[in-house]
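Heads up, the thing below is written out as structure tokens.
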Amino acid sequence: MTFLIINGPNLNLLGLREPDIYGREDYNSLQRFIYDCCVSEGIKPLLFQSNHEGSIVDRIQDAYGEADGIVINPAAYTHTSVAILDALKAVQIPAVEVHLSDISARERFRRISYPGMACLRSFVGLGFEGYRQAILYLKTYLENERRGA
Ligand code: DQA
């Protein structure tokens, strides 16, 4: 199984960026965490981070025929991007959404998630652990699909 893990704008600044909300660990630590979670589950991880909406759309399109599942934290594009929603719907790759913080308990504008509308599930407010939960959830989902369950 191959999973594409997408992180959106400003997540490259983890550690520096609003540590009270996003924690003190940096993006390299997050990459290592995701990589280790995938490898211990026998999953090949493809890690991608971009600050640009169009690059994220391009990467989702390129995943067609390449990735079995997508784990995505669209960051600020969560609350604005119909383009990322449409890309996820277009490729029809099972996707799970992750947010480090609990977007339902913050400002009103963070309560809507456009990409989340094309995702099987969301994991919010769990920090790095949310990515592990998303990877495990997606793996189980795909295994059940293959079994025809
Ligand atoms: C975030 C939540 C978003 O509202 C915010 O714009 C981010 C990070 C999170 O992981 O908690 O950049 O996606």
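Fair warning: this is a prediction, and the values are worked out from it, not measured in the lab. Every number for a ligand or one of its atoms is a count from 1 in the order of the listing.
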Provide, line by line, the atom pairs where ligand 1 and the protein bring an N/O atom each to a distance under 3.5 Å; else say none.
unit_1: ligand 1; atom_1: 4 (O); unit_2: His79; atom_2: NE2; d: 2.6
unit_1: ligand 1; atom_1: 4 (O); unit_2: Arg110; atom_2: NH1; d: 2.8
unit_1: ligand 1; atom_1: 6 (O); unit_2: Ala76; atom_2: N; d: 3.3
unit_1: ligand 1; atom_1: 6 (O); unit_2: Arg110; atom_2: NH1; d: 3.1
unit_1: ligand 1; atom_1: 10 (O); unit_2: Asn73; atom_2: ND2; d: 2.9
unit_1: ligand 1; atom_1: 10 (O); unit_2: Leu100; atom_2: N; d: 2.8
unit_1: ligand 1; atom_1: 11 (O); unit_2: Leu100; atom_2: N; d: 3.3
unit_1: ligand 1; atom_1: 11 (O); unit_2: Ser101; atom_2: N; d: 2.8
unit_1: ligand 1; atom_1: 11 (O); unit_2: Ser101; atom_2: OG; d: 2.6
unit_1: ligand 1; atom_1: 12 (O); unit_2: Arg17; atom_2: NH1; d: 3.1
unit_1: ligand 1; atom_1: 12 (O); unit_2: Arg17; atom_2: NH2; d: 2.8
unit_1: ligand 1; atom_1: 13 (O); unit_2: Asn73; atom_2: OD1; d: 2.8
unit_1: ligand 1; atom_1: 13 (O); unit_2: His99; atom_2: ND1; d: 2.8

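Ser55 and Asp58 form no side-chain donor-acceptor contact under 3.5 Å, judged by distance and modelled atom types alone. Using modelled atom types and a 3.5 Å distance limit, the side chains of Tyr22 and Asn10 yield no donor-acceptor pair.
Between Glu66 and Arg59 there is a salt bridge, since a side-chain N of the basic residue sits under 4.0 Å from a carboxylate O of the acidic one. In summary, Glu143 and Arg146 do not engage in a salt bridge, as defined by a charged side-chain N under 4.0 Å from a carboxylate O.
Here side chain to side chain donor-acceptor pair (under 3.5 Å) pairs that include residues 79-93, with residues two or more places apart or in two chains, are Glu53-Ser81.
Minimum heavy-atom separation, Glu97 to Pro74: CG-CD, 4.5 Å.
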